[in-house]
Student: 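Once you've had a glance at the structure underneath, I'll fire off some questions.
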Amino acid sequence: MGQFLSPAALPLPNFPELTPDSLAHSVKHQLAAASALVAEAESVVAGGELGYLETLEQAENQLQQAWGLLSHLNAVRNTPELRDTYNGLLPELSRFYTEQGQHQPLYRCYQRVAQSAAFAQLSPARQEAIRLALRDFELSGIALEGDAKTRYAAISERLSQLSSQFSDHLLDATQAFVHPLSAEECAGLPESSLGMLRQLGEARGFQQPVVTLDGPAYLAIMTYAEHRPLREMVYRAYVTRASEWGPTEQDNGPLMEEILALRLEMAQLLGFDSYAALSLATKMAPDVSAVTEFLESLANRARPFALKDLERLKQEATTLGLATVEPWDSAFLAERIKQREFSLSQESLKPYFPAPVVLSGLFAIVEKLYGIQIVECEAPVWHPLVQYFEIHENGHLLGGFYFDLYARSDKRGGAWMSGYRSRMETENGTQLPLAFMIGNFAPPVGDQPAQLSHDELVTLFHEFGHGLHHLLTEIAVLPVAGIHGVAWDAVELPSQFMEFWTWENEALGMISRHVHSGDTLPAEQLSALQAARHFQSGLQALRQLEFALFDLRIHALNPAPTLAGIQAELDSIRQQFALIQPPAYNRFQHSFSHIFAGGYAAGYYSYKWAEVLASDAFDRFEEEGIFNADTGRAFRREVLSRGASRPAEASFAAFRGRAPSQDALLRHSGWTSAHTDKPAMGAQV
Ligand code: ZN
């Protein structure tokens, strides 16, 4: 992986020396310092506000790093002591941030800076940071007075109770179901799924495999079980969780009604006519009608392809003697077609993607695109398989990052990037950014390098896209540097954008080399992979769009809908867009925790929105050459380097020369006529 610098040129945490006590001490110390500074807001003299806010930012920078280290180690090197330390400090930390968001004197400091004559002389990044801070203060109700203020506080508190009850009900309903599988019901399940279901059975005291409503168990049955009545029974249990079909004390129905009513009232207190309008106030998408139009037009474009997808499922159903395709059949039928027509498994691709080759290929790609150099360096780490790298440009150090890519028992699942330290001007000069990038890939065995599946490759590139957004920022004002302050529906642009390279012939030449033969990924394997990428994408997209439209519409209604009204909205969207109508007992909405218990309320559309941005950005590379250095530099300059120093739509327009267009996403999804004229995708295999 190129030269090995030693020692690292950035100040780095000395991981082997960190203990739960030392981490806790540092968090408490920084928390006390930041709290003391916040308390001084009241006595800031006129004209001293900006200096004061900058000092406070330095304290928050220290606090973010102290907390960042503790939460990082809690996630990747978990021990009971560390978990206790973390859980013990979490309430103090959230109290600090809540109090800060409600702090009147602090709010007035920001207001006085914004209203001062000097504001116009501040850097655009600093101006934007102040505008965003004022916006967030106002959206958290700080400008309210009297009864409105009291009511707002009561609503906030009640809403957080309702969200947590919603999750609790769903969890209880999920855990209440267990069904031991007979030998007949196990037909079709692959050994890996059976192993998992056996483990679930053992944990619950059964001698045989069982199915529960946990995601992986449910999916295994829907995808592989040949026993149709079993699939139907499990489907029914899954889509009626936390509804009136189960125990009253687990029914989420009344909570949903109350949540929507309170969200609307909260939005109205803040001067919005719907909760959707409030949600969109912090996002890139302009307003409810624009998002509705966006989702409906995508759904209409996806529909003809979804119809073809359904046609294939129907043909498959006929061969099995099934007269109809029901919701509990679609994943099963799709899997049969996939196994037969795409003679390609993730396992068979793994030898082409040894980790050292993948990493040096990934680095070579971003080096070409952005003119940077990445070198591995010696540094203290928290596990022997962790690697540390630095990014340089023409001899200048830009930042550093750690890769911790392999699964371990003391590590949280999934993959993520966390921006541990941000670029920032400090009294000691420019602080350079540092990031942690974490995966859960299968670790190396013996003296063989780790081998990645193509799915894992996509994940790695995705997280690296987030990492570059954090590391290549040229903004040194903390609240708008890197991914700080970037609109929710735009923050996945750099990550989804990087994923495109894992599907390109030319790029795969750089990231694949068979672990024994040294060959790059053969053309037949590549086209099989590309064909499988679009398989059933029409039906999948329609389903996502149905959820997104439902989320948006129920949050745009004024007055807020009753429980029957919620169902009516969902029914009408399904009448218009769904190709496989769910049975009348379906209560999917009662388990839609993204919007009722998570942060996605009136924001579920963000997944598709960011996909359009990433597709459209990549489209310019396809036009100008995917390794065109000028295009790469333009993307770095206009998107990656800007952070939130200007609105996301402005950064996108500066790169693309226009507003985003859906065309590229349609093409990348295989939904344009150019692709439909080709023989069926699977025929290429
Ligand atoms: Zn992401």
Side-chain angles (χ1 to χ4, degrees), residues 68 71-72 75-76 215 279 282-285 358-359 362 365-366 369-370 399 401-405 407 411-420 422 433-441 452-473 480-503 507 533 537 540-541 544 547-548 551 593-595 598-601 603-618 635-636 639-644 648 651-652 655 660 664-665 668-669:
S71 61
H72 168 65
V76 299
S279 162
T282 56
K283 297 192 171 74
M284 174 179 169
V358 167
L359 294 193
L362 168 62
I365 291 170
V366 299
L369 290 174
Y370 307 127
F401 62 91
Y402 299 84
F403 266 151
D404 179 359
L405 300 180
K411 192 199 256 190
R412 180 154 66 81
W416 67 91
M417 186 290 292
S418 82
Y420 158 66
S422 292
L434 263 182
F436 301 129
M437 288 184 246
I438 315 297
N440 266 283
F441 309 148
L452 274 58
S453 69
H454 190 266
D455 283 349
E456 289 170 339
L457 195 66
V458 174
T459 302
L460 175 69
F461 274 59
H462 179 103
E463 297 310 331
F464 202 67
H466 283 308
L468 289 178
H469 199 185
H470 178 74
L471 295 163
L472 294 184
T473 197
V480 291
I483 61 175
H484 289 285
V486 175
W488 181 295
D489 48 357
V491 79
E492 295 293 330
L493 161 60
S495 52
Q496 297 201 20
F497 168 78
M498 274 308 293
E499 292 179 20
F500 280 98
W501 268 267
T502 67
W503 300 97
R533 181 188 183 188
S537 68
Q540 277 163 18
Q544 287 298 106
F547 297 165
D551 163 44
S593 40
H594 276 81
I595 68 164
Y600 278 88
Y604 197 78
Y605 77 89
S606 297
Y607 290 111
K608 276 286 163 209
W609 188 271
E611 216 179 316
V612 165
L613 301 180
S615 265
D616 200 12
F618 188 69
F635 187 72
R636 177 179 168 192
V639 179
L640 293 178
S641 76
R642 297 286 173 151
S651 291
F652 186 89
F655 171 67
L665 175 68
H668 292 138
S669 305

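Quick note: residue numbers are just sequence positions, from 1. Counting starts at 1 for both ligands and their atoms, in listed order.
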Student: Hey, which N, O or S atom on His466 ends up closest to the Zn ion (ligand 1)?
Tutor: NE2
Student: Report the atom name of the nearest N/O/S atom of His462 relative to the Zn ion (ligand 1).
Tutor: NE2
Student: Hey, can you tell me if Tyr604 and His594 have their rings parallel, tilted or perpendicular (30° and 60° cut-offs)?
Tutor: perpendicular
Student: Please confirm if an N, O or S atom belonging to Glu492, backbone or side chain, lies less than 2.8 Å from the Zn ion (ligand 1).
Tutor: yes
Student: Among all residues two or more places apart in sequence or in another chain, which pass the salt bridge (charged side-chain N to carboxylate O under 4.0 Å, His left out) test with Asp489?
Tutor: none
Student: How are the rings of His72 and Phe436 set to each other: parallel, tilted or perpendicular (split at 30° and 60°)?
Tutor: parallel
Student: Do the rings of Phe500 and His668 sit parallel, tilted or perpendicular, given the 30° and 60° boundaries?
Tutor: tilted
